[in-house]
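So that the names make sense, note that chain A is the first sequence line, chain B the second, and so on, each numbered from 1.
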2 protein chains.
Amino acid sequence: MSVARSDLHSLTTQLDLVFELSKDDRAAIEALPVRTKMVGERRDIIREGVVPTECCLLVSGMVCRYKMLSNGRRQILSFHFAGDLPDLQSLHLKTMDHSLATITESRLAFIPHDAVRKLIRARPSVADALMHHLLVDAAIYREWIANVGRRTALERVAHLICECFTRLHALGAARQATFELPLTQAEIGDATGLSNVHVNRTLKELRRLGLIATNGKVHAILDWEMLRDAAGFDPGYIHLRAKGSVASLG
Amino acid sequence: MSVARSDLHSLTTQLDLVFELSKDDRAAIEALPVRTKMVGERRDIIREGVVPTECCLLVSGMVCRYKMLSNGRRQILSFHFAGDLPDLQSLHLKTMDHSLATITESRLAFIPHDAVRKLIRARPSVADALMHHLLVDAAIYREWIANVGRRTALERVAHLICECFTRLHALGAARQATFELPLTQAEIGDATGLSNVHVNRTLKELRRLGLIATNGKVHAILDWEMLRDAAGFDPGYIHLRAKGSVASLG
DNA sequence: CGACAATTTGATCTGTCTCAACTATGGTGG
DNA sequence: CCACCATAGTTGAGACAGATCAAATTGTCG
């Protein structure tokens with residue numbers, strides 16, 4: 001565990017993607033007190049039921065939110081990348097209604113609730129940026145409800161790939177059509193409501209159709225237009241500033 | 001179309017359920033400029049793709065959010081009752097990524113974005129209350145992802161009934177175990193990711209098991225504990241102040 | 001090299017969908 | 001007040017997408 005203010009840079013960078021922040025705003029964010037920690041892959045960060053006193057900023061790596069159901073099954077609710085604040089809701093909702101866990105080894109920066117609250121009160125434009133972040137989260141939830149509720153297996157998996165690629169691309173983490181998505185097939189299943197076996201067959205089908213290529217955890221999108229169409233993917237719900245930036249892949 | 005400030009009372013009442021508002025806060029909310037409108041049942045209020053300039057407060061009735069997918073199917077994303085602000089996100093997300101429609105005939109109060117923004121800036125505790133409202137929305141989305149992703153048909157339908165009952169009960173709209181849920185079976189299907197035919201059979205099964213009784217749109221919960229167990233329902237995610245208030249039904 | 005996790009494949013089963021028909025139910029106009 | 005029509009609910013039969021179970025194969029890392 002260490003203290004490193006520069007870790008907050010990932011946050012300002014991300015917030016800047018959709019929101020204009022002043023120099024002062026950025027400075028105020030980067031002056032937040034943080035407690036930084038490395039967490040290994042596939043470890044719980046916060047468990048359902050606890051009452052957090054800090055927000056968690058993902059500096060690098062990948063994490064997910066999930067719920068365990070009474071029938072023993074697991075549902076992944078969202079994925080998060082560098083610069084995300086995957087439990088910002090804990091500022092207002094006392095008890096965690098879901099768990100947070102790492103996918104890959106991740107660097108996490110914990111920021112005391114009080115500090116975030118103070119910042120929000122002092123700087124309306126930061127409050128707006130955080131609000132925007134929360135609302136995009138909710139928009140992605142909505143799309144996921146539609147994904148698991150009304151799409152076929154092929155559409156679901158293709159849609160997940162499209163979404164992750166689009167978000168990573170917006171963050172600058174996926175420059176070409178080849179990008180790393182460090183998910184196991186079981187995790188893709190938990191995110192899309194499918195069995196791991198069927199995820200395997202669905203990926204195979206996507207490869208057979210020439211839409212993607214897979215080499216371990218690295219995925220290559222061979223035909224973005226076709227993949228988009230197969231998924232029924234429309235990036236509008238991610239509410240990025242620069243729309244259709246992915247379209248220029250060829 | 002008429003102007004009726006008292007329509008805002010439904011909002012302050014609802015916000016008060018989870019958040020302490022001062023007399024001044026309430027007065028400020030109830031002084032918001034509104035444009036009130038009655039809308040008949042099963043009509044669109046706002047469509048995907050538009051850029052709203054007002055927020056919509058549901059004064060009475062019931063509305064839903066939904067998405068139409070490219071495969072022609074519909075997914076309902078949430079249900080809303082009196083006092084809800086079902087498109088508060090439009091304050092920050094320019095373009096609607098889903099549509100809003102009535103279930104029953106509803107009274108809607110439209111409040112200009114500017115007025116809401118001004119109120120939020122002026123009154124931090126109102127901002128907190130609205131934020132809380134948004135975050136509970138998101139928490140319910142999370143539960144719905146799990147519902148359609150990892151629950152059986154019986155669990156899904158039972159869970160939807162549990163949720164609607166719990167929320168209506170918290171609003172004081174469902175005093176006894178009998179309550180009105182004015183949904184068609186096709187709508188229950190669009191909310192749970194099932195076909196209308198299978199919803200019909202699932203409701204029949206719930207009746208056969210002695211968990212509910214149905215008379216038209218009026219549902220009676222015959223055995224709350226059993227229904228809760230069948231659904232795997234845990235009301236924590238609704239983040240009500242008074243927990244387990246429903247448990248005292250017998 | 002050995003061990004454990006993840007992927008892949010086959011075979012079978014089943015929950016849910018689709019299609020189709022029939023039956024309430026409720027509203028409307030003659 | 002009844003005939004009519006549209007909408008919602010109900011039921012049956014058959015099909016199929018995806019689950020489950022089981023085993024083999026391929027990483028991958030100490």
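The base of dG15(C) does not come close enough to the side chain of R201(B) for any donor and acceptor atom to sit less than 3.5 Å apart.
Checking dA8(D), dG18(D), dT16(C) against every side-chain atom of L194(B), the shortest atom distance belongs to dT16(C). Relative to the side chain of T184(B), the nucleotides dT11(D), dG18(D), dA8(D) differ in distance, and dA8(D) lies closest.
Looking only at distances, a side-chain donor or acceptor of S106(B) sits under 3.5 Å from a matching main-chain atom of T104(B). Counting only distance, with no hydrogens or angles, the side chain of T192(A) and the backbone of V157(A) share no donor-acceptor pair below 3.5 Å. One N or O on the side chain of E187(A) and one on the backbone of T184(A) form a donor-acceptor pair closer than 3.5 Å. With hydrogens and angles ignored, the 3.5 Å screen pairs a side-chain donor or acceptor of S99(A) with a backbone N or O of E48(A). Here the side chain of T102(A) pairs no donor or acceptor atom with the backbone of V63(A) at under 3.5 angstrom.
Distance CG (D190(B)) to C1' (dA8(D)): 14 Å, rounded to an integer number of Å. Distance, N196(A) CG to dA6(C) C1': 9 Å, rounded to whole Å. Remark: P of dA6(D) and CZ of R42(B) are 18 Å apart, rounded to the nearest angstrom. Between K217(A) atom NZ and dT26(D) atom P the separation is 18 Å, expressed in whole Å. Rounded to a whole Å, the CG atom of L181(A) is 12 Å from the P atom of dT7(C). Computed from coordinates, the Q185(B) CD to dG9(D) C1' distance equals 5 Å when rounded to whole Å. Going from atom NE2 of H198(A) over to atom P of dG10(C) covers 15 Å, rounded to whole Å.
Ring planes of F233(A) and W224(A): perpendicular class, angle over 60° (limits at 30 and 60°).
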Side chain to side chain contact (heavy atoms under 4.5 Å, CB included) assessment of W144(B) paired with W144(A)
CA-CA 9 Å; W144(B) 279 43; W144(A) 279 41; over 6 Å; no
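Taking a cutoff of 4.0 Å between a charged side-chain nitrogen and a carboxylate oxygen, R42(A) and E105(A) do not qualify as a salt bridge. Between E163(A) and R167(A) there is a salt bridge, since at least one side-chain N of the basic residue sits less than 4.0 Å from a carboxylate O of the acidic one. The pair E143(B)-K67(A) counts as a salt bridge, with a side-chain nitrogen and a carboxylate oxygen less than 4.0 angstrom apart.
In terms of position on DNA chain C, the residue among L183(A) and V199(B) whose nearest nucleotide sits closer to the 5' end is L183(A).
Contacts of residues 145-161 of chain B with DNA chain C (heavy atom under 4.0 Å): T152(B), A153(B). Listed by residue number, R73(B) are the residues of residues 61-79 of chain B with a heavy-atom contact under 4.0 Å to DNA chain C. Contacts between residues 202-214 of chain B and DNA chain D, counted as heavy-atom distances below 4.0 Å, involve K204(B), R207(B).
Scanning all heavy atoms of the two residues, the minimum distance from G193(B) to V148(B) falls at N-CG1, 4.1 Å.
Among the heavy atoms of the strands, none lies under 4.0 Å from G189(A). When heavy atoms are screened at a 4.0 angstrom cut-off, S195(B) is found touching base atoms of the nucleic acid.
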